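What you see is a predicted model, and the numbers here were worked out from it, not measured in a lab. Remember, it's 1-based here, ligands and their atoms both numbered in the order they're listed.
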Amino acid sequence: MAANIIDGKAFAATVREKVAGHVTRLKEEHDITPGLAVVLVGEDPASQVYVRSKGKQTVEVGMNSFEHKLDAETSEADLLALIDKLNNDPTVHGILVQLPLPKHLDEDLVINSIAPEKDVDGFHISNVGLLGTGQKSMVPCTPLGCLMMLRDYHGSLSGMDAVVIGRSNIVGKPMAQLLLGDSCTVTIAHSRTKDLPEVVRRADIVVAAVGRPEMVPGDWIKEGATVIDVGINRIERDGKNKLVGDVDFASCAERAGAITPVPGGVGPMTIACLLANTVTACCRANNLAEPEGLTA
Ligand code: GUN
């Protein structure tokens, strides 16, 4: 069976269109423009690319983008002072501090200094706790994007067996919480899991988020399962640089019912969900109805 391809690039475009519609409504009916502040410390090349892309897409959907680029030697006190200023700025509805931070800065301390209601990454300890207890929170962008694609493809996820491979705070753990929230039976697998192939073979939904190129082969996939590949791994093959996921696309696509490609699957959904979270945060800050279909 040839799998259906879940086109994340096209889906992300529909999310951005919805966001842009809400932004127009906020401007016209309430004279409010949602604003996203992105803080980058240092010159990490990958982070610079992401931050540029976030700023560009923020402006494209009609929101205000505030970029704060600080040098690599910025002190923790100066960074915390900037976050405090953004926390208290009513034109800023979302704050994102690009990770990783330089080694001398305490990432947990910095993230937990962001006002939880402006924490559009969903990394603040309050948002983690709210998500874990099924309460309204800001939800991390990548797992939110995966959930949106799964809901769009399946409708209800209720009763499905889901296996999340990877237990990171950014993807694996929140993904598992979201699937549980949609009434899946959830297993989180990781490097110490016994008989990983057998665990994965039970799954109706496989979310691979380990950061190891093509580690899931097709014969681990149950016939007809849905495979969501979060991995973005740069490898060299036949003398060329190539982007591959955490699953072996060719063999998994032969058994899966549906699969996300890399590139063009989960990747584009992450920034689209960041924009969605910013508009959600803006609506909540102004006691307005939340946009439907853009939250968990
Ligand atoms: N670095 C890599 N991915 C992310 C992300 O989703 N959010 C932030 N803040 N930093 C990142």
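- Near Leu96, meaning under 4.0 Å from any of its heavy atoms, are these atoms of ligand 1: 9 (N).
- Note on Arg16 versus Glu60: no salt bridge recorded, every NZ/NE/NH1/NH2 to OD/OE distance being 4.0 Å or above.
- At least one protein heavy atom sits closer than 4.0 Å to atom 1 (N) of ligand 1.
- Taking the charged nitrogens against the carboxylate oxygens, Glu236 and Lys240 have no contact shorter than 4.0 Å, which rules out a salt bridge.
- Close N/O approach between Leu99 and ligand 1 is found [any backbone or side-chain N/O within under 3.5 Å].
- Asp121 OD2, 3.3 Å is the protein heavy atom nearest to atom 8 (C) of ligand 1.
- With respect to atom 4 (C) of ligand 1, the closest heavy atom belonging to the protein is Gln98 NE2, 4.3 Å.
- Considering backbone and side-chain atoms together, Val97 places an N or O closer than 3.5 Å to an N or O of ligand 1.
- Using 4.0 Å as the threshold, Tyr50 has no heavy atom nearer than that to any atom of ligand 1.
- We find that Lys54 and Glu67 are not joined by a salt bridge, their nearest charged nitrogen and carboxylate oxygen being 4.0 Å or further apart.
- Heavy-atom minimum distance, Asp119 versus His124: OD2-N, 2.8 Å.
- At under 3.5 Å, not a single nitrogen or oxygen of Lys54, backbone or side chain, sits near a nitrogen or oxygen of ligand 1.
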Identify every side-chain donor-acceptor pair in residues 139-154 under 3.5 Å, counting partners at least two apart or on other chains, and give the distances.
unit_1, atom_1, unit_2, atom_2, d
Thr142, OG1, Thr270, OG1, 2.9
Arg151, NE, Asp182, OD2, 2.8
Arg151, NH2, Asp182, OD1, 2.9
Arg151, NH2, Asp182, OD2, 3.4
Arg151, NH2, Ala296, O, 3.2
Tyr153, OH, Asn4, ND2, 2.8
His154, NE2, Thr226, OG1, 2.7

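- Shown here for Val19 and Leu294, the closest heavy-atom pair between the two residues is CG2-CD1, 3.9 Å.
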